[in-house]
Every structure is written in C-alpha cells, then in structure tokens.
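Numbers for residues simply follow the sequence, beginning at 1.
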Amino acid sequence: MMPADLRQTLRDRIDLRAVVLLTATWMLLWGHLKWLDLLGGVLVSVLVCLLFPLPRLELRLVLRPVAFVRLVVTFLVDLVAASASVAWAVFTSRRSPGGTVFEVPLRSTDELFVATTAGMTTLVPGSVVLDLDREVGTLLVHGFRVHTPEQQQEFRKKVWRQEELLLRALAPDVDEVMARDPGGPLQGRSALTGGVRTSDGGGG
C-alpha cells in the first residue's frame, strides 16, 4: 500500500491538466498518432511534473468533444496539405519562393489561446511565428510564398479559422470572444510594427 505522504506528494505534483497539455504537445511534435507515442508522451509528462513541479494550473477551459475532434482533424488535414504544398514548391521552383513578415491580430488576448494558436501556426509547414504581443493578441509571422497584401489577408483568414476552432473547442467565453473583430494590422497598438520590434513591452 502506498504511504499517505507519498500519495499526497503525487497529488500535489501531478496535475492532470498539465499532463494532458504536455502530452498533446508531445504528440504534435511527433506529427503522427500512435499508441506507443501516446504512452511515451504520458510517461514523459508525468516525469516532468514530478521532477520539475510547477504551481498548479488554473485553467478556465470547457472541453467540447465534437468541436475538439473537428479542431484535431482540421489541423492534421492542414498539416498534410501544407507539407505537400511546400514540398511541391521546393522541388518545382527554379528560384526561392521566399515570403514576407507581417502581423496577424487575433480575437483572443488570453495567453493560453494566443500561445496555442501561435504554436499550431508554426507547426504547419510554410508558416513561422517569429514573435507575439500578448497584450493585444497579435502574431508576427513569416508566410511562405506570401508576398502581396491580398495573400497576407488570405493567410490571416487561415490563422483566424484555426483560432476559431480552438476557441470553440476549449474557450469558456467563446461567444463573447468570437463577437470581436480581429481587424487588420495593429500599427500603433502593438509592440510589433511592420515586422520590426519597436519596443520591449508585450512581446513574447
């Protein structure tokens, strides 16, 4: 039988929500779904919680199963499609397709959802989040083969769709957040201006 003090230590150090989030991050890094990878992710997450205890997470999340499945499926489809598109461009272009750096304002300013949206955006080939402004919820991204303002706006719409799926899957105040208009580039309100940092405040 496990001693009472050991049980209490495990309860204090292992937060189920932290284990779930760390395991999900582990699976995203591997890029595929296999039972062995899932088991390894759970074990690594538990070890991280035991060896590097953090303050218990106070997350206001509401899990909506159908919306969560839609989020995962859409992300995996985007991952495959973007990988194929980047590979095709690399092997067929005679010169480097390049890209541009621009802002993508988000609806949410919650640090968890801003950071998660940034992470999912970076994991999709062809897009890299270079910085973020948590105060106003703005990402600074580099888009592969994105050059014109019209292409930048199309890229923003893809990120907004990803953010919407994430919010509908987990955000407790999804209707309130979705009622906001992400708008256009936040020049003057964001610490990220025209792809160049203008101050140290707010940037991630």
Look up atom [atom1] in [X] and atom [atom2] in [Y], then write down how far apart they are to the nearest 0.5 Å.
| X | Y | atom1 | atom2 | value |
| --- | --- | --- | --- | --- |
| F155 | T121 | CZ | OG1 | 6.5 Å |
| R70 | E164 | CZ | CD | 9.5 Å |
| R168 | M178 | CZ | CE | 4.5 Å |
| H142 | F102 | NE2 | CZ | 9.0 Å |
| D78 | Q162 | CG | CD | 6.0 Å |
| T117 | L166 | OG1 | CG | 5.0 Å |

Going through the checks in order, is the side-chain contact (heavy atoms from CB on, under 4.5 Å) test met by L106 and V114?
CA-CA 8 Å; L106 304 177; V114 172; 4.3 Å; yes
Would you name the heavy atoms of [X] and [Y] that are closest together and state the gap between them?
| X | Y | answer |
| --- | --- | --- |
| L167 | S108 | CD2-CB, 4.1 Å |
| S45 | L22 | OG-CB, 3.2 Å |
| V124 | A82 | CG1-CB, 3.4 Å |
| A169 | L71 | CB-CD2, 4.1 Å |
| T92 | W88 | OG1-O, 2.5 Å |
| P105 | W160 | O-NE1, 2.6 Å |

Is there a side-chain contact between [X] and [Y] in this structure, where contact means two heavy atoms from C-beta onward sitting under 4.5 Å apart?
| X | Y | result |
| --- | --- | --- |
| V177 | F113 | no |
| L112 | L61 | yes |
| V101 | L130 | yes |
| R145 | S85 | yes |
| T148 | Q152 | no |

Is a donor on one side and an acceptor on the other found under 3.5 Å between the side chain of T138 and the backbone of V104?
no
For G137, does its backbone N or O pair with a side-chain atom of T109 as donor and acceptor, under 3.5 Å?
no
Looking just at side-chain N and O atoms, do R161 and T74 make a donor-acceptor pair shorter than 3.5 Å?
no
Do L38 and L123 land in one hydrophobic cluster if side-chain heavy atoms of ILVMFWY residues count as linked below 4.5 Å?
yes
